[in-house]
Structures are given as structure tokens and as C-alpha cells.
**Q** 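Handing you this structure, nothing more for now.
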Amino acid sequence: MKEIKGGVTAPQGFRANGVHAGVKAGSDPAKNDLALILSEKECTAAATYTLNRVKAAPLYVTMGHLEDGTARAIIANSGNANACAPYSHEYAERTCTSAAEVTGLNKNDFVVASTGVIGQTLNVEAIEAALPALVDGLDDNAAASDAAATAIMTTDTRKKELAVQVEIGGKTVTLGAIAKGSGMIHPNMGTMLCFITTDCAITHEMLEDALRSVVKRTFNRVTIDGDTSTNDMCVVLANGMAENALIEWKDANYSAFYAALETLCTTLSRQIAADGEGASRLVSCTVTGARGEDVAERLAKSVVGSSLVKAAMFGADANWGRVLCAMGYSKAPFRPEHVNCSFRSAAGEIPVCKAGEALDFDEDIAKQVLTQPEVEILVSLNEGDGEATCWGCDLTYDYVKINGDYRT
């Protein structure tokens, strides 16, 4: 497996583009806010959605369009969530209908997604006016994927994009992706969108199985602020143009595809966590020696989701007691008296707790470890072989600044 350039346009048969439509009044004309990804051929499709009971209209429209397990294109806008707003369902369908008219496809061929402010009427006319230029500019190069990647960004400070290649049955299979996410992110997905393309030949059942399993172990292990969004969605389109033998069983070929998909989504999860709103560092927690993977995951989520732990990471304060405290209210089973804990970064590793009790450590060295761009919290439970890693970020003053007047 290797990383390559190209994002969603790296796999065979996919083109993309992004343009400024002016979805949000007064938005920067230099900022793309409308993206389109299009496959030459019909694709096997699968998706996962937010578990928030309040779901934006584009999710319901997409669910309906994917009932047959196929799609050809993804259209997405930033600047407006099209959630809890007048005409939201109608405008999500209208976006697909208008895109179908310009591309010559059927409206049911489209996945539709939105991200931005909740509760405001979508400027669907701006989207429709921009569609001809959006379609005319479709291309299969890296710049086209970049244009789409920037179009779905909201408070993101940098685009999230990746492509990987893997050999499956003697054929080179490529997976590419773009994603957005910075705030309103909590396990079970958040204000994140992820669009994955691949030229792999795979059945709907196997694609859906792989996506659901990978999302659980990657995007669902990211938390920024404890808020699960109304709009998050992860979609994968597979057009089969790599001409590998069809993956229809959980065999070695499925395992190779699964590994590539997991690598892709793990990297994007880390990118999203590192770009959390106002964040100054990526914080991960790895729990090992748990009674099972689910136990390890619950504990690690609780640690990276703790406001007190996140604040301590911002202050480079080795306050390991907050780590154990967050584990204690996670409702996951473990024995505190068996817990070992340390902090690690590029500056080194410093043990701070053994068998549930404090260790003497040098505060100056701890400060050096905790001031790096990426900090790992390592927890060993010494009770089993379950392990999991979850990702988050520190909690800074800028998070409040960004969200205090986000709507106005």
C-alpha cells in the first residue's frame, strides 16, 4: 500500500470540481462553497450517517437515493447546513434535480450533502446558477480534487485529502478521499463530511460492511467538543474500473481493500482532530490491556473528550489525575489500582502513574513533552488484550471565540 496524490480524482473514472456559488450571503468570493464529484460509470455506493435524532434534509434525501445501493455523483455545499429550515427537503431534492439536468443524469444518481449554519433557508438559486460552471470545470487531476476539498470546508483551517493504492488480485486499486471537520464533532460522527472514491470492483454488501466497520474504528473515535452534528455523512462510491475480480466474500482481497480503507480513514480522522476549532495540538489516547476493544474504546473516548483533560493539554500541564477521573466516569469496567499512565510526544515519554498511584516526575521534562504539536496519552490497564486509540485536541481560548458568534 502506498500514498499517492490526487484525492477523489486519483481512482480511475472520477472527476471533480469546486466553485464559489455564494451560498452564504457576504461570503468570500475567493472561497469555493460548492463541490461536485462525478463517476464515468455507475457506482456501488454505501454511506453512514450521524446518530443525532435531528438530521438535516440532505441525509434523508441521500438515504432515499441510495436505497438501491448505487450512485454516480456527489454534490455538496458549505455555508448552509440546510437543516431545520424552511423548504429544506424540497431544496435538497431540487439541488439533485438541477444537477441532473446539467449533467444528463438522473436525480437519484446523486448523493447530496450540506454543511454550515443550521436553521437558515438554503440559497438554492445560487447553487443552480453555479452548476453550469461547476460541471464545465470537472477534471480528473489533483487540482480538481483540491477545488472540491476546499469547497466543503467551513471553520477548517486546512483541507483534508488523501489517496492510497493497493494491489488486489494482481490489479492496482486506488482509493481517494476528501473530508471536512473542525468543530461539532463527537463520537458517532460530527460536523464532518467524508467522500471516498475507489475504482475497486466490490459488491454493495461487502462495501457497506467494510465502511461501517471502518467508520466505527476511525471517525467514530474522534471528538472535538462533545457535540454530535445534524449533517455528518461518510459516503463511498466504487465504480469497478480497476477491473479486479469482484470482491463478494470476506477473503484476502476483501482484507486488502479493508486495510486500505482503514488507512485512509485513520489518516483523515487524525487530520480532523488536529484541525479542531482553535486547537493548538493533536491529542490522542491509546488504551491497552483492556478486557475488550469496546472497553478500551470507551475509556479512550472519555479521556480525549474530557474538557479538563483538553484544558490541561492546552496548558501543557501533566495533570494525569484528570485522565483517571475521565476514565472513572466512562462507565467502562477497569480496576484503577492496575492502571499505568504516561505522556509521550516527539520530545520523549514520561511515566506519571503506576498501579493507580502517582510517580515522581520532572515537571520541566513533562512540560517539554506536552508542548509538542502531537501528544499521546498512554494508558495500560493490565487486565486483557483489548486496545483502542481515539483522537481529539486541546481546548483553547480560540474555541470560544470561534463559536461565540459563529452564526452572526
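Remember, it's a predicted structure, so these values are computed and weren't measured experimentally. These numbers come from the heavy atoms of this one structure, side chains and all, not from hydrogens, waters or symmetry mates. Position 1 is the first residue of the sequence, and the numbers go up from there.
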**Q** Drop me the distance from M153's CE to K160's NZ, to the nearest 0.5 angstrom.
**A** 6.0 Å
**Q** For K216, is there an ion pair with D294 - N to carboxylate O distance below 4.0 angstrom?
**A** yes
**Q** So which atom in G392 and which in L282 form the shortest heavy-atom distance, rounded to 0.1 Å?
**A** O-CD1, 3.4 Å
**Q** At their closest point, which heavy atom of Y258 faces which heavy atom of R217, and how far apart are they?
**A**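 It is OH-CD, 3.8 Å.
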**Q** Would you call E205-K250 a salt bridge at under 4.0 Å N-O?
**A**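 K250 and E205: not salt-bridged.
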**Q** Is there a donor in the side chain of E376 and an acceptor in the side chain of S345, or the other way round, less than 3.5 Å apart?
**A** no
**Q** How long is the straight-line distance from CZ of F195 back to CD1 of I178, given to the nearest 0.5 Å?
**A**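 Going from the CD1 atom of I178 to the CZ atom of F195 covers 6.5 Å.
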**Q** In chain order, what residues pass the salt bridge (Lys or Arg N to Asp or Glu O under 4.0 Å) check against E387, with sequence neighbours excluded?
**A**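 Once residues adjacent in sequence are excluded, E387 has no partner under the salt bridge (Lys or Arg N to Asp or Glu O under 4.0 Å) criterion.
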**Q** Less than 4.5 Å apart, any side-chain heavy atom of E125 and any of R94?
**A**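 With C-beta onward as the side chain, the pair touches.
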**Q** Is the closest side-chain heavy-atom distance between V61 and H65 below 4.5 Å?
**A** yes
**Q** Looking only at heavy atoms, which two atoms of Q271 and E161 are closest? And how far apart?
**A**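 For Q271 and E161, the tightest heavy-atom pair comes out as OE1-N, 3.6 Å.
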**Q** With distance as the sole test, does T198 use its side chain to make a donor-acceptor pair with the main-chain N or O of A238 at under 3.5 Å?
**A** no
**Q** How many angstroms lie between atom OG of S114 and atom OH of Y91, to the nearest 0.5 angstrom?
**A** 13.0 Å
**Q** Considering the options V23, T95, N77, N82, which one meets the side chain to side chain contact (heavy atoms under 4.5 Å, CB included) requirement together with V124?
**A**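 Going through the options one by one, the only one that passes is T95.
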**Q** To the nearest 0.5 angstrom, please state how far the CG atom of L211 sits from the CE atom of M206.
**A**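 If I round to the nearest 0.5 Å, the distance is 13.0 Å.
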**Q** Do R291 and P333 have side chains that approach each other closer than 4.5 Å (heavy atoms only, starting at C-beta)?
**A** yes
**Q** Is a side-chain donor or acceptor of D140 paired with a backbone partner of R15 at a separation under 3.5 angstrom?
**A** no
**Q** Checking T218 side chain against V214 main chain: does a donor-acceptor pair fall under 3.5 Å?
**A** yes
**Q** Any salt bridge between R221 and E293, counting N to O under 4.0 Å?
**A**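 Looking at E293 together with R221, the answer is yes, because their closest N to O distance falls below 4.0 Å.
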**Q** Between N80 (side chain only) and Q120 (backbone N and O only), is there a donor and an acceptor less than 3.5 Å apart?
**A** yes
**Q** Is a donor on one side and an acceptor on the other found under 3.5 Å between the side chain of K31 and the backbone of T150?
**A** yes
**Q** To the nearest 0.5 Å, what is the distance between CE on M192 and CE on M233?
**A** 10.0 Å
**Q** Please confirm whether the backbone N or O of N141 pairs with a side-chain atom of S145, one donor and one acceptor, at under 3.5 Å?
**A**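 Not a single qualifying donor-acceptor pair exists.
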**Q** Is E363 salt-bridged to K367, cutoff N-O under 4.0 Å?
**A** no
**Q** Give the minimum heavy-atom separation between L370 and V375, together with the two atoms involved.
**A**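 Minimum heavy-atom separation between L370 and V375: CD2-CG1, 3.5 Å.
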